[in-house]
Amino acid sequence: MKRDFLEVDGFTPDRLARLLDWATAWKQSPSALPATLADQGVALVFEKPSARTRASTEMAVVGLGGHPIYIRGEEVGLGVRESVEDVARTLSGYCAVIAARVFDHATLEVMAGAVPVPVVNLLSDRAHPCQALADVLTLHERLGTLEGRRVVYVGDGNNVAASLAFVAALSGIELTVASPPGYELDEDVVDRARNLGGAVEVTNDPYEVVKGADALYTDVWTSMGQEEEAEARRSAFAGFQVDRALMETAGEQALFLHCLPAHRGEEVSAEVIDGPQSVVWDQAANRMHATRALLADLMEES
Ligand code: CP
Ligand code: NVA
(Lines give C-alpha, C1' and ligand atoms only; values in the text may rest on other atoms or scores of the structure.)
(Ligands and ions follow the chains in the order given, each with its own letter.)
Protein backbone atom coordinates (compact mmCIF):
# COMPACT_ATOMS: atom_id res chain seq x y z
CA MET A 1 0.00 0.00 0.00
CA LYS A 2 1.29 3.46 -0.79
CA ARG A 3 2.27 5.71 2.09
CA ASP A 4 1.74 9.47 1.99
CA PHE A 5 3.61 11.87 4.26
CA LEU A 6 1.27 14.75 5.00
CA GLU A 7 2.08 15.06 8.72
CA VAL A 8 4.53 13.38 11.10
CA ASP A 9 1.77 11.68 13.11
CA GLY A 10 1.43 9.07 10.34
CA PHE A 11 4.76 7.67 11.57
CA THR A 12 5.50 5.33 14.47
CA PRO A 13 8.40 5.71 16.96
CA ASP A 14 10.15 2.68 15.40
CA ARG A 15 9.82 4.01 11.88
CA LEU A 16 11.15 7.39 12.97
CA ALA A 17 14.10 5.75 14.73
CA ARG A 18 14.90 3.76 11.57
CA LEU A 19 14.68 6.92 9.47
CA LEU A 20 17.16 8.66 11.80
CA ASP A 21 19.50 5.66 11.56
CA TRP A 22 19.39 5.75 7.75
CA ALA A 23 19.84 9.51 7.57
CA THR A 24 22.83 9.34 9.92
CA ALA A 25 24.45 6.41 8.11
CA TRP A 26 24.06 7.93 4.63
CA LYS A 27 25.26 11.31 5.85
CA GLN A 28 28.45 9.65 7.09
CA SER A 29 28.83 7.38 4.02
CA PRO A 30 27.12 8.83 0.93
CA SER A 31 28.46 5.89 -1.11
CA ALA A 32 26.04 3.66 0.84
CA LEU A 33 22.98 5.53 -0.53
CA PRO A 34 20.58 3.09 -2.20
CA ALA A 35 19.45 3.72 -5.79
CA THR A 36 15.84 3.67 -4.61
CA LEU A 37 14.65 6.15 -7.23
CA ALA A 38 16.79 4.96 -10.14
CA ASP A 39 15.35 6.27 -13.41
CA GLN A 40 12.23 7.61 -11.66
CA GLY A 41 10.86 11.12 -11.54
CA VAL A 42 9.80 13.06 -8.45
CA ALA A 43 7.47 16.04 -9.01
CA LEU A 44 8.10 19.05 -6.74
CA VAL A 45 5.10 21.38 -6.96
CA PHE A 46 5.48 24.77 -5.25
CA GLU A 47 2.69 27.30 -4.66
CA LYS A 48 5.01 29.37 -2.39
CA PRO A 49 8.68 30.39 -2.47
CA SER A 50 11.42 28.16 -1.04
CA ALA A 51 15.20 28.00 -0.71
CA ARG A 52 15.91 25.03 1.58
CA THR A 53 12.99 22.77 0.76
CA ARG A 54 13.38 22.93 -2.98
CA ALA A 55 17.16 22.57 -3.05
CA SER A 56 17.36 19.88 -0.35
CA THR A 57 14.57 17.80 -1.87
CA GLU A 58 16.05 18.05 -5.37
CA MET A 59 19.41 16.87 -4.04
CA ALA A 60 17.80 14.10 -1.98
CA VAL A 61 16.09 12.80 -5.14
CA VAL A 62 19.36 12.97 -7.09
CA GLY A 63 21.17 11.15 -4.25
CA LEU A 64 18.75 8.23 -4.58
CA GLY A 65 19.24 8.09 -8.35
CA GLY A 66 16.02 9.88 -9.33
CA HIS A 67 15.15 12.95 -11.38
CA PRO A 68 13.44 15.94 -9.71
CA ILE A 69 10.96 18.01 -11.73
CA TYR A 70 10.35 21.47 -10.22
CA ILE A 71 6.95 22.90 -11.07
CA ARG A 72 5.47 26.22 -9.94
CA GLY A 73 1.79 26.00 -9.05
CA GLU A 74 0.93 29.03 -11.14
CA GLU A 75 2.87 27.66 -14.11
CA VAL A 76 0.61 24.61 -14.38
CA GLY A 77 -2.41 26.58 -13.13
CA LEU A 78 -2.98 24.23 -10.21
CA GLY A 79 -6.73 24.24 -9.56
CA VAL A 80 -7.23 26.96 -12.19
CA ARG A 81 -6.12 25.73 -15.60
CA GLU A 82 -6.81 22.19 -14.46
CA SER A 83 -8.17 20.60 -11.28
CA VAL A 84 -5.71 19.56 -8.57
CA GLU A 85 -6.74 15.92 -9.16
CA ASP A 86 -6.03 16.12 -12.89
CA VAL A 87 -2.61 17.71 -12.39
CA ALA A 88 -1.72 15.05 -9.80
CA ARG A 89 -2.98 12.17 -11.98
CA THR A 90 -0.95 13.50 -14.91
CA LEU A 91 2.24 13.82 -12.84
CA SER A 92 1.81 10.32 -11.40
CA GLY A 93 2.17 8.98 -14.95
CA TYR A 94 5.83 10.10 -14.93
CA CYS A 95 6.73 10.34 -11.26
CA ALA A 96 7.17 7.84 -8.42
CA VAL A 97 6.46 10.54 -5.80
CA ILE A 98 4.57 13.84 -5.85
CA ALA A 99 5.79 16.41 -3.32
CA ALA A 100 4.06 19.75 -2.93
CA ARG A 101 4.19 23.02 -0.99
CA VAL A 102 0.68 24.43 -0.82
CA PHE A 103 -1.37 27.20 0.75
CA ASP A 104 -4.25 24.95 1.78
CA HIS A 105 -3.49 21.59 3.41
CA ALA A 106 -6.66 20.20 1.75
CA THR A 107 -4.86 20.42 -1.63
CA LEU A 108 -2.45 17.72 -0.43
CA GLU A 109 -5.33 15.53 0.75
CA VAL A 110 -6.97 15.86 -2.67
CA MET A 111 -3.69 14.92 -4.39
CA ALA A 112 -3.16 11.95 -2.07
CA GLY A 113 -6.65 10.67 -2.80
CA ALA A 114 -6.23 11.02 -6.55
CA VAL A 115 -2.99 9.14 -7.21
CA PRO A 116 -1.44 5.73 -6.50
CA VAL A 117 2.00 7.20 -5.66
CA PRO A 118 3.14 8.70 -2.32
CA VAL A 119 2.34 12.40 -1.76
CA VAL A 120 4.75 14.37 0.43
CA ASN A 121 3.95 17.63 2.24
CA LEU A 122 6.69 20.20 1.58
CA LEU A 123 4.80 22.71 3.81
CA SER A 124 1.16 23.63 4.08
CA ASP A 125 -0.75 26.08 6.26
CA ARG A 126 -1.06 23.30 8.86
CA ALA A 127 2.17 21.30 8.79
CA HIS A 128 5.84 21.21 7.82
CA PRO A 129 6.71 17.57 8.46
CA CYS A 130 9.93 17.38 6.37
CA GLN A 131 11.28 20.24 8.48
CA ALA A 132 10.44 18.33 11.67
CA LEU A 133 12.47 15.33 10.47
CA ALA A 134 15.53 17.55 9.98
CA ASP A 135 14.92 19.15 13.37
CA VAL A 136 14.88 15.84 15.20
CA LEU A 137 17.92 14.63 13.24
CA THR A 138 19.80 17.77 14.34
CA LEU A 139 18.76 17.30 17.98
CA HIS A 140 19.77 13.63 17.82
CA GLU A 141 23.21 14.56 16.45
CA ARG A 142 23.77 17.13 19.17
CA LEU A 143 22.13 15.49 22.17
CA GLY A 144 22.33 11.75 21.51
CA THR A 145 19.39 10.15 23.24
CA LEU A 146 16.19 12.19 22.86
CA GLU A 147 13.98 10.53 25.47
CA GLY A 148 13.25 13.05 28.23
CA ARG A 149 15.03 15.95 26.51
CA ARG A 150 13.27 19.28 26.89
CA VAL A 151 12.63 21.65 23.96
CA VAL A 152 10.85 25.01 24.24
CA TYR A 153 9.34 26.47 21.07
CA VAL A 154 8.87 30.23 21.44
CA GLY A 155 6.49 32.03 19.07
CA ASP A 156 3.64 31.31 16.70
CA GLY A 157 1.80 28.00 17.19
CA ASN A 158 2.03 27.48 13.43
CA ASN A 159 2.74 24.72 10.90
CA VAL A 160 6.35 24.29 12.09
CA ALA A 161 5.28 24.10 15.75
CA ALA A 162 2.59 21.51 14.95
CA SER A 163 4.97 19.16 13.13
CA LEU A 164 7.55 19.66 15.90
CA ALA A 165 4.93 18.60 18.46
CA PHE A 166 4.33 15.32 16.61
CA VAL A 167 8.00 14.51 16.06
CA ALA A 168 8.65 15.30 19.72
CA ALA A 169 5.86 12.95 20.75
CA LEU A 170 7.31 10.12 18.65
CA SER A 171 10.86 10.61 19.91
CA GLY A 172 10.21 11.13 23.65
CA ILE A 173 11.08 14.84 23.65
CA GLU A 174 9.11 16.98 26.12
CA LEU A 175 7.92 20.06 24.25
CA THR A 176 6.59 23.32 25.63
CA VAL A 177 5.15 25.87 23.19
CA ALA A 178 5.21 29.45 24.50
CA SER A 179 3.04 31.81 22.43
CA PRO A 180 1.16 35.08 22.93
CA PRO A 181 -2.56 34.76 23.70
CA GLY A 182 -4.47 34.00 20.51
CA TYR A 183 -1.45 32.43 18.75
CA GLU A 184 -1.15 29.18 20.72
CA LEU A 185 -0.74 25.74 19.20
CA ASP A 186 -4.15 24.35 18.14
CA GLU A 187 -5.88 22.30 20.83
CA ASP A 188 -6.46 19.60 18.24
CA VAL A 189 -2.70 19.32 17.62
CA VAL A 190 -2.01 19.19 21.37
CA ASP A 191 -4.60 16.44 21.82
CA ARG A 192 -3.29 14.40 18.89
CA ALA A 193 0.32 14.73 20.09
CA ARG A 194 -0.70 13.64 23.59
CA ASN A 195 -2.57 10.68 22.13
CA LEU A 196 0.74 9.63 20.55
CA GLY A 197 2.22 9.66 24.06
CA GLY A 198 3.73 13.13 23.79
CA ALA A 199 4.42 15.42 26.74
CA VAL A 200 3.27 18.70 25.17
CA GLU A 201 2.48 21.82 27.18
CA VAL A 202 1.44 25.32 26.14
CA THR A 203 2.10 28.57 27.99
CA ASN A 204 2.06 32.32 27.42
CA ASP A 205 5.32 33.00 29.29
CA PRO A 206 8.59 31.75 27.78
CA TYR A 207 10.66 32.98 30.77
CA GLU A 208 8.79 30.60 33.09
CA VAL A 209 9.71 27.50 31.12
CA VAL A 210 13.12 27.88 29.42
CA LYS A 211 15.42 27.33 32.41
CA GLY A 212 17.48 24.18 31.84
CA ALA A 213 15.96 23.45 28.42
CA ASP A 214 18.06 21.43 25.98
CA ALA A 215 16.96 23.63 23.06
CA LEU A 216 14.97 26.74 22.20
CA TYR A 217 13.26 26.87 18.81
CA THR A 218 11.55 29.72 17.02
CA ASP A 219 10.04 30.53 13.63
CA VAL A 220 8.79 33.66 11.86
CA TRP A 221 5.90 35.57 13.43
CA THR A 222 4.19 35.95 10.02
CA SER A 223 4.07 32.87 7.83
CA MET A 224 3.73 32.79 4.05
CA GLY A 225 0.13 33.63 3.18
CA GLN A 226 -0.39 35.80 6.31
CA GLU A 227 1.42 38.89 5.04
CA GLU A 228 -1.56 41.21 5.64
CA GLU A 229 -1.40 40.34 9.37
CA ALA A 230 2.29 41.28 9.71
CA GLU A 231 1.74 44.59 11.52
CA ALA A 232 -0.72 43.14 14.07
CA ARG A 233 1.54 40.16 14.62
CA ARG A 234 4.61 42.34 15.28
CA SER A 235 2.67 43.96 18.16
CA ALA A 236 1.24 40.68 19.47
CA PHE A 237 4.65 38.96 19.52
CA ALA A 238 6.56 41.78 21.22
CA GLY A 239 8.35 40.14 24.16
CA PHE A 240 8.62 36.79 22.36
CA GLN A 241 11.98 37.42 20.68
CA VAL A 242 14.60 34.79 21.40
CA ASP A 243 17.33 37.17 22.54
CA ARG A 244 20.37 37.04 24.78
CA ALA A 245 18.27 37.47 27.95
CA LEU A 246 16.08 34.47 27.10
CA MET A 247 19.07 32.30 26.12
CA GLU A 248 20.84 33.24 29.37
CA THR A 249 17.72 32.32 31.33
CA ALA A 250 17.71 28.96 29.51
CA GLY A 251 21.40 28.36 30.22
CA GLU A 252 24.53 27.80 28.17
CA GLN A 253 23.60 24.16 27.45
CA ALA A 254 20.59 25.29 25.37
CA LEU A 255 20.86 24.92 21.60
CA PHE A 256 19.10 27.44 19.36
CA LEU A 257 17.04 26.15 16.40
CA HIS A 258 15.18 27.99 13.63
CA CYS A 259 13.78 26.43 10.46
CA LEU A 260 14.70 29.58 8.45
CA PRO A 261 14.16 31.99 6.77
CA ALA A 262 14.87 34.18 9.82
CA HIS A 263 14.10 37.82 10.56
CA ARG A 264 16.88 39.11 12.78
CA GLY A 265 15.42 41.71 15.15
CA GLU A 266 11.97 40.13 15.12
CA GLU A 267 11.63 36.53 16.35
CA VAL A 268 15.37 36.22 17.05
CA SER A 269 18.22 38.63 17.74
CA ALA A 270 21.25 38.54 15.46
CA GLU A 271 23.58 37.68 18.34
CA VAL A 272 21.58 34.53 19.13
CA ILE A 273 21.11 33.16 15.62
CA ASP A 274 24.70 34.00 14.69
CA GLY A 275 26.05 32.97 18.10
CA PRO A 276 27.71 29.84 19.50
CA GLN A 277 24.52 28.09 20.67
CA SER A 278 22.89 28.27 17.23
CA VAL A 279 22.68 25.09 15.14
CA VAL A 280 20.56 26.53 12.32
CA TRP A 281 23.03 25.72 9.53
CA ASP A 282 23.21 22.07 10.63
CA GLN A 283 19.42 22.09 10.62
CA ALA A 284 19.30 23.51 7.09
CA ALA A 285 21.86 20.98 5.81
CA ASN A 286 20.00 18.14 7.52
CA ARG A 287 16.93 18.85 5.40
CA MET A 288 18.62 16.89 2.59
CA HIS A 289 19.79 14.04 4.81
CA ALA A 290 16.38 13.60 6.43
CA THR A 291 14.56 13.75 3.10
CA ARG A 292 16.79 11.07 1.57
CA ALA A 293 15.77 8.71 4.37
CA LEU A 294 12.12 9.73 4.09
CA LEU A 295 11.96 9.02 0.35
CA ALA A 296 13.66 5.65 0.83
CA ASP A 297 11.10 4.81 3.52
CA LEU A 298 8.11 5.85 1.41
CA MET A 299 9.32 3.93 -1.64
CA GLU A 300 9.83 0.79 0.45
CA GLU A 301 6.17 0.96 1.43
CA SER A 302 4.94 1.59 -2.13
N1 CP B 1 12.74 25.87 6.26
C2 CP B 1 12.20 25.93 5.02
O3 CP B 1 11.25 25.21 4.67
O4 CP B 1 12.80 26.83 4.20
P5 CP B 1 12.29 27.25 2.73
O6 CP B 1 10.98 27.96 2.93
O7 CP B 1 13.36 28.13 2.18
O8 CP B 1 12.11 26.01 1.93
N1 NVA C 1 6.00 29.09 9.22
C2 NVA C 1 6.73 29.46 8.04
C3 NVA C 1 7.79 28.43 7.76
C4 NVA C 1 8.66 28.73 6.58
C5 NVA C 1 9.64 27.63 6.28
C6 NVA C 1 5.79 29.64 6.88
O7 NVA C 1 4.84 28.85 6.75
O8 NVA C 1 5.97 30.57 6.09
Review point. Would L123 and Q131 count as a side-chain contact (heavy atoms from CB on, under 4.5 Å) if you check the C-alpha gap in whole Å, the side-chain angles of each, and the deciding distance to 0.1 Å?
Key: CA-CA 8 Å; L123 182 146; Q131 180 66 51; over 6 Å; no

Student check: side-chain heavy atoms of [X] and [Y] closer than 4.5 Å:
X    : Y    : value
P49  : M224 : yes
P206 : F240 : yes
M299 : Q40  : yes
D156 : V220 : no
P261 : R52  : yes
V87  : V84  : no
N158 : Y153 : yes
Q28  : T24  : yes

Answer yes if the side chains of [X] and [Y] hold a donor-acceptor pair under 3.5 Å, and no otherwise.
X    : Y    : answer
D135 : Q283 : yes
E184 : N204 : yes
E267 : H258 : yes
T222 : E227 : no
N286 : E141 : yes

Would a distance-only check, ignoring hydrogens and angles, find a side-chain to backbone donor-acceptor pair under 3.5 Å from [X] to [Y]?
X    : Y    : value
Q253 : A213 : yes
Q277 : A254 : yes
R101 : L122 : yes
K2   : V117 : yes
E58  : P68  : no
N159 : S124 : yes
S278 : G275 : no
D125 : H105 : yes
T57  : T53  : yes
N121 : E7   : no

I'd like to know if [Y] and [X] are part of one continuous hydrophobic network [Ile/Leu/Val/Met/Phe/Trp/Tyr, side-chain heavy atoms within less than 4.5 Å].
X    : Y    : result
M288 : L295 : no
L137 : L64  : yes
I273 : V210 : yes
M59  : V42  : no
V110 : L108 : yes

Check your understanding: Is it true that the NZ or CZ of R54 lies under 6.0 Å from the centre of F46's six-membered ring and within 45 degrees of the ring axis?
Key ->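 Checked: cation-pi criterion not met.
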
As an exercise, state the distance from [atom1] of [X] to [atom2] of [Y], rounded to the nearest 0.5 Å.
X    : Y    : atom1 : atom2 : value
K27  : H289 : NZ    : NE2   : 4.5 Å
L133 : L20  : CG    : CG    : 7.5 Å
E47  : T107 : CD    : OG1   : 5.5 Å
W22  : L33  : CH2   : CG    : 11.5 Å
L260 : L257 : CG    : CG    : 9.5 Å
D282 : R142 : CG    : CZ    : 4.5 Å

Within a reach of under 6.0 Å around [atom1] of [X], are more than 12 heavy atoms found that belong to other residues, nucleotides or ligands?
X    : atom1 : result
R81  : CZ    : no
D191 : CG    : yes
E228 : CD    : yes

Point to revise | T291/V120 under side-chain contact (heavy atoms from CB on, under 4.5 Å): CA gap, chis, key distance, verdict | key: CA-CA 10 Å; T291 301; V120 175; over 6 Å; no

Show the atom names and distances, to 0.1 Å, of all donor-acceptor pairs under 3.5 Å that link a side chain in residues 171-178 to residues at least two apart or in another chain.
residue : atom : partner : partner atom : Å
S171    : OG   : V167    : O            : 2.7
S171    : OG   : A168    : O            : 3.4

Check your understanding: Taking 4.0 angstrom as the limit, do R18 and D14 come out as a salt bridge?
Key -> no

Review point. Between R194 and E201, does at least one N-O distance fall below 4.0 Å, as a salt bridge requires?
Key: yes

Which heavy atom of [X] sits nearest a heavy atom of [Y], and at what distance?
X    : Y    : value
A290 : L19  : O-CD2, 4.2 Å
L246 : Y207 : N-OH, 3.5 Å
I98  : M111 : CG2-SD, 4.3 Å
A193 : A165 : CB-O, 4.0 Å
A32  : W26  : O-NE1, 3.7 Å
P13  : L170 : CB-O, 3.5 Å

Revision key, fill the gap. Applying ring pair (Phe, Tyr, Trp, His ring centres under 6.0 Å) to F237 and not counting sequence neighbours gives Y183, W221

Exercise for review: List in chain and number order the residues that pass salt bridge (Lys or Arg N to Asp or Glu O under 4.0 Å) with E266, two or more places apart in sequence or in another chain; answer none if no residue qualifies.
Suggested key: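 Only R234 meet the salt bridge (Lys or Arg N to Asp or Glu O under 4.0 Å) criterion with E266.
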
Practice item. Can you spot which of R292, R15, R3 makes a side chain to side chain donor-acceptor pair (under 3.5 Å) with D297? Key: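 The residue from R292, R15, R3 that satisfies side chain to side chain donor-acceptor pair (under 3.5 Å) with D297 turns out to be R15.
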
